[in-house]
Each structure stands twice: as C-alpha cells, then as structure tokens.
Amino acid sequence: MIIVMKPNAPKDAVQKVTSLIEEKGLTAHLSEGREVTIIGVVGDKTKLEGDNLILLPYVDKLVPITESYKLSNKKFHPNPSRVTVGNHVIGPDTLTVMAGPCAVETEEQLLTIAREVKKAGAHFVRGGAYKPRTSPYSFQGLEVEGLRYMAEAKKETGLNTICEVIDEKSIEAAVKYVDMIQIGARNMQNFQLLREAGRSGLPVLLKRGLAATIDEWLNAAEYIIAEGNPNVVLCERGIRTYETSTRNTLDLSAVPVIRAKSHLPIIVDPSHATGVRAYVEPLAKAAVACGADGLMIEVHNDPEHALSDGPQSLTFSQFEDVMAHLRPYIQLAERKL
Ligand code: PEP
Ligand code: MN
C-alpha cells in the first residue's frame with residue numbers, strides 16, 4: 001500500500017504515520033517530493049486493521065497495490081486452473097456446456113430435457129430445485145424432490161448435474177444428489193453461504209452478482225477457496241445497467257479481465273444475461289470467441305409453459321442448432337467440446 005500525504009504535510013505528521021506503521025512490525029519507505037510526501041508500506045497489511053490511517057492528520061489517500069484476494073489471484077497461481085467434475089474437466093482446453101431448465105418441474109420434464117441436451121452435446125444438465133425468485137409468490141422449486149430427479153437424470157444419461165443452493169440446508173441435501181453446486185447472482189455476497197459452499201467439498205459455480213465488480217466477485221471466490229475448496233468456476237451472467245432491451249447487460253469484457261486477474265475458469269450464461277431466446281446464440285458465439293471456458297444455457301421441453309424463465313429458454317431443436325453453429329467457433333478457439 002502507498003500512503004499519500006496532503007501537500008505540505010508537516011514532518012511530525014509524516015513521523016506519526018511512519019511510527020505507527022513500524023510499531024506494527026511493517027516497514028515504511030519514505031519518498032519526499034517538493035510538495036507531497038508518499039510512504040510505501042511493506043508487510044502484512046492486516047496488522048493495520050482498525051488503525052484507520054485515512055483519519056490521521058494530513059493523510060490524503062491510501063492506494064492499495066496488491067489485491068485483497070490471494071487464492072483466486074493469478075499472481076500467486078499463474079497457470080489456469082482445471083476443475084474436475086466426474087470425468088469431465090472444466091478448464092483451458094475444453095468448452096463445457098451446461099444446459100437444462102431454469103427450474104426442475106417434474107421428473108418426466110427433467111429426464112426428457114437431460115436426454116435431449118445430452119444428444120446435442122452438453123456435459124451437464126442444470127436445473128433449479130431451489131429457486132430464489134424476485135417475487136415470493138412465484139414458483140420456488142421442488143427442493144429435495146427436485147434434487148432426487150437430478151440424481152435420476154444423472155443415472156440415466158451419465159451427465160454431470162448442477163443445482164443452485166441457497167442455504168445450509170440446501171447444501172446438505174445437494175451433497176447427496178448432485179455433482180456441482182451453484183451460488184446464484186443474488187447470493188454472490190452471502191458470505192456465510194460462500195463459506196458453507198467451500199466446506200461442502202463439491203465444486204462450486206459462482207455466478208457474478210447483479211451489481212458486483214470483478215474484484216468483489218474474486219473476493220467472493222476467495223471465501224470459498226479459503227475454506228479449502230479450490231474447485232471454483234466463475235460464471236458471467238450479465239449485470240444491471242441502464243439498458244432495458246435485455247434483462248441484464250452481458251459483460252463479455254469480464255472474460256479477458258478475469259483471465260488477466262485470476263487462474264479460475266470462467267463460463268458465460270447468455271440466457272440470464274439477455275432474457276431473450278434470440279440473443280442466446282450470438283452471445284454464446286461471442287463468449288467462445290473471447291475465451292470463455294464454457295456456457296450455461298437454459299433449455300426447456302415446452303418454453304411457452306415453463307414455470308420460470310420461459311422467454312429465454314431454447315427449445316430442443318433451437319439448442320441443437322446453437323450447438324451445431326458453435327462448433328466452428330469452438331474449433332477456432334482450439335478447445336474440445
Ligand atoms: C439460474 O441459473 O437459474 C439463476 C437463477 O441464475 P442467476 O443467479 O444468474 O440469476
Ligand atoms: Mn433461470
């Protein structure tokens with residue numbers, strides 16, 4: 001961290017800051033300009049927690065040099081991570097496709113969808129058994145019953161399964177039935193839930209919060225990894241902006257930015273990002289082209305009657321077309337489907 005003093009700060013004010021730093025066992029490197037003095041601080045910054053340096057006389061600003069996230073940081077882990085789920089590897093050489101309904105509605109519905117997305121080339125069947133809906137009156141999911149259907153779908157198709165979890169109870173249940181858990185956008189900064197997901201032992205898909213910066217997102221990943229679970233995959237799913245033509249605004253720049261800052265795999269969800277079926281294919285292609293490690297796409301047997309997110313859900317034939325149209329992009333990206 002660098003501490004910038006206000007112009008013409010008196011020597012005793014600078015001295016007060018450097019003494020405090022040294023008392024805590026850190027080193028202060030002074031650089032005195034004609035008007036402004038800056039102090040470079042080297043050492044464990046957490047020792048300064050509670051000192052509120054910004055409140056000391058003549059301190060102008062504190063400039064952090066290193067990020068607060070370490071375990072998810074590329075600086076300390078330069079090679080891209082691979083996250084293994086069953087016999088599938090999510091990572092730099094593969095293009096992982098997770099597809100399925102927004103919500104698990106019936107056993108029959110999920111099994112039909114799982115069979116079809118498998119035929120089209122998906123590696124995972126997704127489906128929400130716990131649905132954190134905007135309105136408390138909307139369908140909230142089948143809960144454990146939905147998880148059981150996910151396990152059935154795996155048994156029948158061999159696909160990996162992924163489900164969103166919303167609290168400790170749903171994590172305990174998910175551990176018994178699915179291969180990977182998802183933390184949804186609305187819970188990205190539910191720090192207790194992140195810790196519990198870290199302790200679950202299952203790989204975690206961490207969606208970006210509706211209004212989260214990339215650094216906040218990587219700090220959220222840090223909570224999971226800090227519990228001893230390195231198997232975290234990030235998912236860009238659009239952020240809130242002033243634009244209303246799409247449900248959210250897909251921030252594709254997050255893909256190269258994450259690549260520069262972190263070793264964690266990142267996939268893109270063009271379904272929740274846009275809320276519009278017709279925009280899924282172009283953005284899926286763009287996601288592959290800019291280096292995403294995978295895609296999450298909502299597919300439904302009967303989108304017109306889906307209990308949630310029908311308008312953004314692809315039919316089976318639309319999904320099949322999208323997968324076929326993606327192949328040349330996947331090939332160009334030198335990834336294996
Ligand atoms: C979902 O994937 O079903 C979902 C609710 O997504 P998000 O958390 O991105 O809104
Ligand atoms: Mn959905």
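The figures here come from the full heavy-atom set of this structure, side chains too, leaving out hydrogens, waters and symmetry mates. Bear in mind that the values here come from a model prediction, so they are computed numbers and not experimental data.
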Heavy-atom side-chain proximity of [X] to [Y] below 4.5 angstrom:
{"X": "Glu143", "Y": "Tyr130", "result": "yes"}
{"X": "Ile224", "Y": "Leu206", "result": "yes"}
{"X": "Arg115", "Y": "Ile113", "result": "no"}

Does a donor on one side chain and an acceptor on the other come within less than 3.5 Å for [X] and [Y]?
{"X": "Glu243", "Y": "Ser245", "result": "yes"}
{"X": "Gln312", "Y": "Ser271", "result": "no"}
{"X": "Thr274", "Y": "Thr246", "result": "no"}
{"X": "Thr112", "Y": "Asn301", "result": "no"}
{"X": "Thr96", "Y": "His123", "result": "no"}
{"X": "Ser317", "Y": "Glu320", "result": "no"}
{"X": "Asp251", "Y": "Ser253", "result": "yes"}
{"X": "Asp293", "Y": "Thr94", "result": "no"}
{"X": "Ser19", "Y": "Glu23", "result": "no"}

### Message
Considering only residues two or more places apart or on different chains, which pairs with a residue in residues 54-64 satisfy side chain to side chain donor-acceptor pair (under 3.5 Å)?
### Response
none
Can a salt bridge be assigned to the pair [X] and [Y] using a cut-off of 4.0 Å between side-chain N and carboxylate O?
{"X": "Asp93", "Y": "Arg335", "result": "no"}
{"X": "Lys261", "Y": "Asp215", "result": "yes"}
{"X": "Arg148", "Y": "Glu145", "result": "no"}

### Query
Just by modelled atom types, is the Thr315 backbone N or O under 3.5 Å from a matching donor or acceptor in the Gln318 side chain?
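Indeed, once roles are kept as given, a pair shorter than 3.5 Å links the two residues.
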### Message
Test your reading of the model: is there a side-chain donor-acceptor pair from Lys70 to the backbone of Glu67, 3.5 Å cut-off?
### Response
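Side chain of Lys70 to backbone of Glu67: a pair is present.
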### Query
What do the steps show when you test Glu222 against Ser72 for side-chain hydrogen bond (donor to acceptor under 3.5 Å, both in side chains), and what is the final call?
CA-CA 6 Å; Glu222 192 80 5; Ser72 57; 3.1 Å; yes
### Query
With sequence neighbours left out, what residues match His272 under ring pair (Phe, Tyr, Trp, His ring centres under 6.0 Å)?
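Per chain and number, His272 pairs via ring pair (Phe, Tyr, Trp, His ring centres under 6.0 Å) with no residue.
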